[in-house]
Each structure stands twice: as structure tokens, then as C-alpha cells.
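Reviewing the structure listed below.
Start at 1 and go down the list; that is how both ligands and their atoms are numbered. On a predicted model such as this, the values are computed, not experimentally measured, just so you know.
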Amino acid sequence: MKTYGHFIDGAYVEPLKGKWIDSFNPYTGEVWARIPQGCADDVDRAVAAASRAMREGPWATMNASARGKLMLRLADLVAANAERLAEVEVRDNGKLMAEMLGQLRYHPEWWRYFGGLADKVEGAVMPIDKPEMFAFTRHEPVGVVGALTAWNSPLIFVAWKCAPAIAAGCSVVVKPSEFASASTLEFAALTKEAGFPDGVFNVVSGYGPEAGSALVDHRDVAKITFTGSDTTGARIYAQAAQSLKRVSLELGGKSPNIVFDDCDIDAALAGVISGIFAATGQTCIAGSRVLVQNSIREAFSQRLAELGRSARKGDPMLPDTNIGPVTTAPQYRKILEYIEIAKAEGARCILGGGPATSPDLPGGQFVEPTIFVDVTPGMRIAREEVFGPVLSILGFEDEAEAVRLANDTLYGLAAGVWTTDIGRALRMSSALKAGTVWVNTYRAVSYMMPFGGMKRSGLGRESGVEAIREYLETKSVWISTTKDVPANPFIMR
Ligand code: NAD
């Protein structure tokens with residue numbers, strides 16, 4: 001069994017209180033590693049190292065081009081270690097190797113993209129309206145960044161947060177999810193190998209209310225960037241307000257996948273399946289509310305159920321597995337609870353509807369892919385995030401009703417639209433209140449495309465050029481070019 005250390009100031013160190021957390025393999029149900037249980041003192045140590053790196057030493061004076069080159073080197077190292085890191089993620093979170101390896105092979109592009117952007121952050125000389133003044137802006141790193149991540153895609157979240165932060169010149173302390181910290185702890189060594197000065201990239205593992213909360217409270221942390229549930233996000237937002245920290249939040253969703261009767265049905269079926277059963281439904285962008293035009297609803301639902309029934313559950317390491325285990329025990333219980341709630345509320349189950357049990361599913365944390373029809377907009381299954389392979393199908397008559405139902409949610413992370421009518425595609429992409437709208441596709445992301453939520457799905461954007469702004473402060477510099485003393489020092493200049 002592997003025992004990890006925190007990664008602080010360029011080295012692995014033991015937790016100060018000498019406590020550890022067992023990390024379970026969700027497929028086998030067995031403990032496979034121990035991660036440090038960080039406390040406020042561990043966080044303090046990491047933040048001190050990160051602050052020192054910002055203040056003194058090579059990072060404080062390194063120019064942006066040199067930062068970018070280190071990031072390119074890190075990208076190559078991740079690419080060379082993609083398979084090993086993906087295996088660690090699968091062992092920790094039970095998602096499919098095909099999915100995690102795809103993410104790890106794509107991960108380096110964030111370091112390349114933001115590494116290239118590092119030396120293109122430019123201030124401006126203002127055509128200032130006041131004579132005898134020279135005025136310009138500078139964009140400076142915001143300071144030490146605390147990054148809190150979720151368990152479903154640990155290293156992709158590290159890339160989304162840390163690549164723009166480091167390109168901006170910040171140093172970071174990452175607190176990964178206690179359910180899946182190993183890959184982030186392994187990744188840390190690559191930052192050292194790439195040549196990043198000590199203290200630029202630190203990882204403290206541990207529980208949210210202990211290590212995570214200490215990071216949010218720490219007075220030397222300037223910015224918190226968080227991926228997780230809306231409940232925790234709201235708590236962190238309020239807590240960070242005490243010290244007026246900058247905050248970005250990537251939260252959950254109840255994303256609608258909207259199927260019009262003029263769509264390419266086979267493509268829509270594949271898109272809906274990928275939206276809800278990929279990653280065992282454990283993705284923030286899960287298309288968990290499918291709105292189907294009434295004229296095709298019955299037939300479409302039946303075909304979805306057939307496809308869902310053919311999905312293979314099993315060992316996430318095997319290439320032909322479609323559905324792996326649920327990552328955490330609390331999440332497993334929550335999914336089963338929602339299935340019971342849906343039944344009690346009168347939704348009709350046409351597929352699955354309970355735990356999946358068979359001798360070849362050893363860990364016991366498998367849920368049958370589940371589809372509910374006759375779902376009405378007021379039901380909890382239509383409103384609340386389940387974060388599992390549970391789909392609700394609702395019907396609609398026309399475009400106006402589809403928009404109304406789709407936007408009738410507290411969330412606004414993503415939406416899918418299936419239609420062959422280009423005019424409708426454009427109308428829908430404008431009417432939907434979601435940070436991402438996919439038309440005739442689903443679950444596409446890129447390092448160059450902004451990603452984030454509206455409403456209760458979050459604050460700020462990750463990826464794309466504008467993401468670097470989340471880690472910069474603008475400073476306005478005024479220089480008087482006159483030797484004259486102001487006539488009246490008591491009035492504004
Ligand atoms: P979570 O909110 O329980 O935990 C997220 C992180 O916050 C973890 O590192 C956790 O340890 C930490 N944390 C928990 N309580 C804390 C506290 N009081 N103070 C500080 N930190 C604390 O979320 P999760 O269960 O790990 O992930 C699932 C959720 O994440 C889902 O709601 C999902 O939709 C969301 N998610 C969002 C995105 C996105 O990009 N929008 C991506 C993936 C997951």
C-alpha cells in the first residue's frame with residue numbers, strides 16, 4: 001500500500017499531526033493508499049512557502065517568457081506520464097480508464113495554451129485626458145491562490161485552475177478531494193522535475209472542513225478557486241467574504257438536453273446517453289433532464305432504455321466497460337435515495353431503478369443505469385442534482401415551452417439542443433440561460449473555450465484567454481510630467 005506525503009516547498013512531507021486518510025478503490029472496495037490528513041498547521045506551512053515564492057527567490061523575479069517555458073516543460077512531462085497518472089485516478093475514483101486516459105492525454109494542452117499566453121498579458125498606455133500626466137495599467141498576479149478540487153476529474157481541475165494561475169505569476173496551494181488526492185500528489189513531483197522553483201506548486205490533502213476551510217480562511221491567500229457542489233461553494237463564498245478574497249466557483253448543474261422532433265435521432269440518442277451515463281453520471285455537466293418533443297417522446301424514451309440496457313458495467317480498467325462504480329460511499333447512498341424519492345413522487349421507472357449486484361461487481365458500489373419518464377417539472381428528480389446515472393425525461397410541445405422548462409432551474413451550467421434547423425439552433429443558444437450550449441453534440445470541452453456556470457452553477461470562467469484574468473489584478477499607474485506645484489492641493493486633480 002502506498003503512503004503519500006503533502007507536497008510543500010518542493011518536497012514531500014509528513015502531516016504535522018501524523019494522521020492519515022485511507023483511500024479506497026471504488027471498484028474493489030479495498031484500501032489501496034493512505035493520504036495525509038492535513039490540518040490548519042499544514043496549510044499554514046504550504047501558504048508560507050507559496051507566499052515566500054511570490055516574495056523572494058527565482059519565481060518573484062522570473063519573467064513571463066521563462067514562466068511559459070517551464071509550463072511547456074511540465075506539459076511534456078504530463079504527456080510522458082499520462083498513462084501512469086490515469087491509472088492512479090482510476091484506482092482512486094473508479095472512472096473508466098478510457099475517460100481518464102483521454103483527459104490525461106489532453107491535460108498538457110492547458111499548460112501549453114496558458115504557457116504561451118504568459119508573456120502576452122499586456123497593460124495599456126491610456127490616452128489620458130489630463131494634461132501633464134502619463135498613465136498606464138499593469139496586470140499583476142493576484143497572489144497566493146488556494147485551489148479546491150472535486151474527486152471526479154482531479155488532474156483536469158488542477159490544469160484548469162493552476163495553468164492560468166501560474167501563467168499569471170501566482171503560486172498555488174491545491175487541496176484535492178479527500179476521496180481522490182493521489183494523482184494530484186503524484187503530479188506535484190512533475191512540477192519539481194520541470195524546474196518550477198520550490199513553493200510555486202504545493203499540495204495539502206485532507207478533509208474539506210479541516211484543511212479546505214483553513215485554506216479559505218488563511219489571510220495570506222488572495223484568491224480561492226473551487227470546483228465542487230453548490231452547497232459547499234456557497235459556504236466557501238460566504239467564508240471567503242470575511243477576508244474579502246477573490247473567488248471563482250465551478251459548481252453543479254441540472255442541465256437540460258433538449259430533443260426536437262426534427263433532429264438526427266441516432267445522434268441525439270448517443271448524445272443523451274453520453275450526457276447521463278458517461279462517467280456513471282458523475283459529471284457536473286450531466287444532461288440529467290432530457291426534454292423531448294411530445295411527438296417523439298414515447299418512441300425516443302423506449303430506444304434510450306434499450307441503449308441504456310446494453311451498457312456494460314464492470315471493471316473500469318477494461319476497455320469494453322461502459323459503466324464503472326460510483327466513486328464514494330456517500331454518493332452511492334445519495335443516488336439510491338434519489339431513485340426512491342423519484343418513485344415516491346410518481347415518476348415511472350423504465351430502466352434500472354436500484355443497485356446493480358452481481359458477483360463480477362466486487363466493490364458493491366454499482367447502480368443500474370436508470371431512466372424515469374412521466375417526470376413533472378416540480379419533482380425533486382427534475383430539480384436537484386443527483387450526480388449519478390439517473391435520467392429524468394420530460395415532454396414539451398413547442399420551442400417556447402422547451403425554453404421555459406429548460407430555464408426553470410436554479411442552475412445554469414450547460415444545455416444540449418438536438419435539431420437540424422439552424423435558425424432554431426441559434427434561437428435556442430441565445431434563449432438558454434447556461435454557460436455552455438452544445439448543439440448536436442454534448443460534453444465537448446477545450447482549453448481555448450471558456451467554461452463556467454450561470455446562476456447557482458458558479459462564478460467566473462475557466463479555460464480560454466479570459467481565464468487568466470481571474471488570477472490578475474489591474475494596477476493603474478499615474479506619473480506627473482510637470483514640475484509645477486498644484487495651485488490648490490485641496491481639490492481632486
Ligand atoms: P464537494 O463540494 O463536497 O467538495 C469539493 C471540494 O471542496 C473537496 O476538495 C472538499 O474536500 C472541499 N470542501 C468540502 N467542504 C469544505 C469546506 N467546508 N471548506 C472548504 N473546502 C471544503 O464536491 P464533490 O462531492 O467533491 O464533487 C461533486 C460536486 O462537484 C458536484 O456537485 C458536481 O456538480 C460538482 N462539480 C462541478 C464541476 C464544474 O466544473 N462546474 C466539475 C465537477 C464537479
Side-chain angles (χ1 to χ4, degrees), residues 21 23 35 37-40 43 92-93 95 99 103 146-161 173-181 183-185 203-218 221 224-240 242 245 247-255 278-288 326-335 338 384-388 409-414 434-436 443 445 449-463 467:
I21 301 171
S23 217
I35 57 156
Q37 182 185 330
C39 63
V43 168
D92 238 3
N93 71 7
K95 282 174 70 182
E99 164 108 342
Q103 286 189 7
L148 297 155
T149 56
W151 41 261
N152 53 338
S153 298
L155 281 177
I156 269 289
F157 299 145
V158 166
W160 291 12
K161 295 173 186 318
V173 178
V174 183
K175 207 301 283 172
S177 166
E178 57 273 32
F179 293 109
S181 293
S183 63
T184 305
L185 290 163
V203 185
V204 174
S205 62
Y207 293 115
E210 189 177 15
S213 182
L215 194 56
V216 176
D217 278 339
H218 203 291
V221 172
I224 291 290
T225 170
F226 170 83
T227 294
S229 63
D230 55 328
T231 312
T232 309
R235 182 179 301 135
I236 283 174
Y237 195 25
Q239 199 176 327
Q242 300 306 310
K245 287 186 174 60
V247 177
S248 307
L249 303 170
E250 294 289 349
L251 309 176
K254 192 76 196 174
S255 299
T280 315
Q282 303 173 114
T283 93
C284 53
I285 48 184
S288 52
V326 173
T327 301
T328 76
Q331 187 57 34
Y332 176 68
R333 288 192 293 273
K334 180 179 155 193
I335 297 169
Y338 268 107
E384 298 173 18
E385 185 184 45
V386 177
F387 218 61
T409 168
L410 295 174
Y411 297 106
L413 190 59
T436 293
R443 270 190 110 218
V445 292
M449 199 64 170
F451 179 83
M454 294 182 183
K455 305 195 297 189
R456 210 180 157 86
S457 289
L459 283 179
R461 292 291 178 271
E462 297 190 314
S463 302

Please work out which of Gly208, Gly453, Ser255 has its closest non-hydrogen atom nearest to atom 17 (C) of ligand 1.
Gly208

Exam field: side chain Lys254 to backbone Tyr411, donor-acceptor pair closer than 3.5 Å
no

Would you check if Glu178 and Ser205 make a side-chain contact, meaning some heavy-atom pair closer than 4.5 Å?
no

Who pairs with Thr280 by side-chain contact (heavy atoms from CB on, under 4.5 Å), at least two apart in sequence or on another chain?
Gln282, Ile323, Val326, Pro389

Among all the protein's non-hydrogen atoms, which is closest to atom 34 (O) of ligand 1, and how far away is it?
Glu385 OE2, 2.5 Å

Under 4.0 Å, heavy-atom basis, I'd like to know which part of Pro176 is in contact with ligand 1: side chain, backbone, both or neither.
backbone

Mind checking whether Val204 and Val173 have side chains closer than 4.5 Å, heavy atoms only?
yes

Before signing off on this row, confirm whether Glu178 and ligand 1 have an N or O atom pair separated by under 3.5 Å.
yes

Report yes if the side chains of Asp217 and Gln239 come closer than 4.5 Å at any heavy-atom pair, otherwise no.
yes

Per atom 30 (O) of ligand 1, closest listed option by heavy atom (Gly228, Gly452, Ala234):
Gly228

Which of the numbered atoms in ligand 1 are under 4.0 angstrom from any heavy atom belonging to Phe451?
40 (O)

Checking the N or O distance criterion of under 3.5 Å, is ligand 1 in contact with Phe387?
no

Can you tell me the protein heavy atom closest to atom 6 (C) of ligand 1 and the distance?
Thr149 O, 3.4 Å

Compare all side-chain heavy atoms of Thr225 with those of Leu148 and state whether any distance is below 4.5 angstrom.
no

Have a look at ligand 1 and work out which part of Phe179, if any, has a heavy atom under 4.0 Å from it: side chain, backbone, both or neither.
neither

At a 4.0 Å threshold, what atoms of ligand 1 neighbour a non-hydrogen atom of Gly252?
34 (O)

If you measure from each heavy atom of Gly458 to ligand 1, is any distance below 4.0 Å?
no

OG1 of Thr327 to OH of Tyr332: how many Å apart, nearest 0.5 Å?
13.5 Å

Going by distance alone, is a donor N or O of one side chain under 3.5 Å from an acceptor N or O of the other, for Ser153 and Lys95?
yes

Contact check, side chains of Phe387 and Asn152, non-hydrogen atoms, under 4.5 Å
yes

Can you report which non-hydrogen protein atom sits closest to atom 39 (C) of ligand 1, along with the distance?
Cys284 SG, 3.2 Å

Answer yes or no: is there a side-chain heavy-atom contact under 4.5 Å between Thr227 and Trp160?
no

I need the contact type for Thr328 against ligand 1. Using non-hydrogen atoms and a strict under-4.0 Å cut-off, is it side chain, backbone, both or neither?
neither

Using a 4.0 Å cutoff against the non-hydrogen atoms of Arg235, which atoms of ligand 1 qualify?
18 (N)

Ligand 1 and Lys175, any nitrogen or oxygen pair closer than 3.5 angstrom?
yes

Please indicate whether any nitrogen or oxygen in Ser229 is less than 3.5 Å from any nitrogen or oxygen in ligand 1.
yes

Of Asn93, Leu155, Asp92, which is the lone residue that meets side chain to side chain contact (heavy atoms under 4.5 Å, CB included) with Ser183?
Leu155

Here the side-chain hydrogen bond (donor to acceptor under 3.5 Å, both in side chains) pairs for residues 450-460, sequence neighbours left out, are Asp230-Arg456

among protein heavy atoms, the one nearest atom 3 (O) of ligand 1 is Thr232 OG1, 3.9 Å

protein heavy-atom neighbour closest to atom 41 (N) of ligand 1 works out as Leu251 O, 2.6 Å

For atom 27 (O) of ligand 1, what is the nearest protein heavy atom, given as residue, atom name and distance?
Ala150 CB, 3.4 Å

Given Phe226, Trp160, Trp151, identify the one with the heavy atom nearest to atom 24 (P) of ligand 1.
Trp151

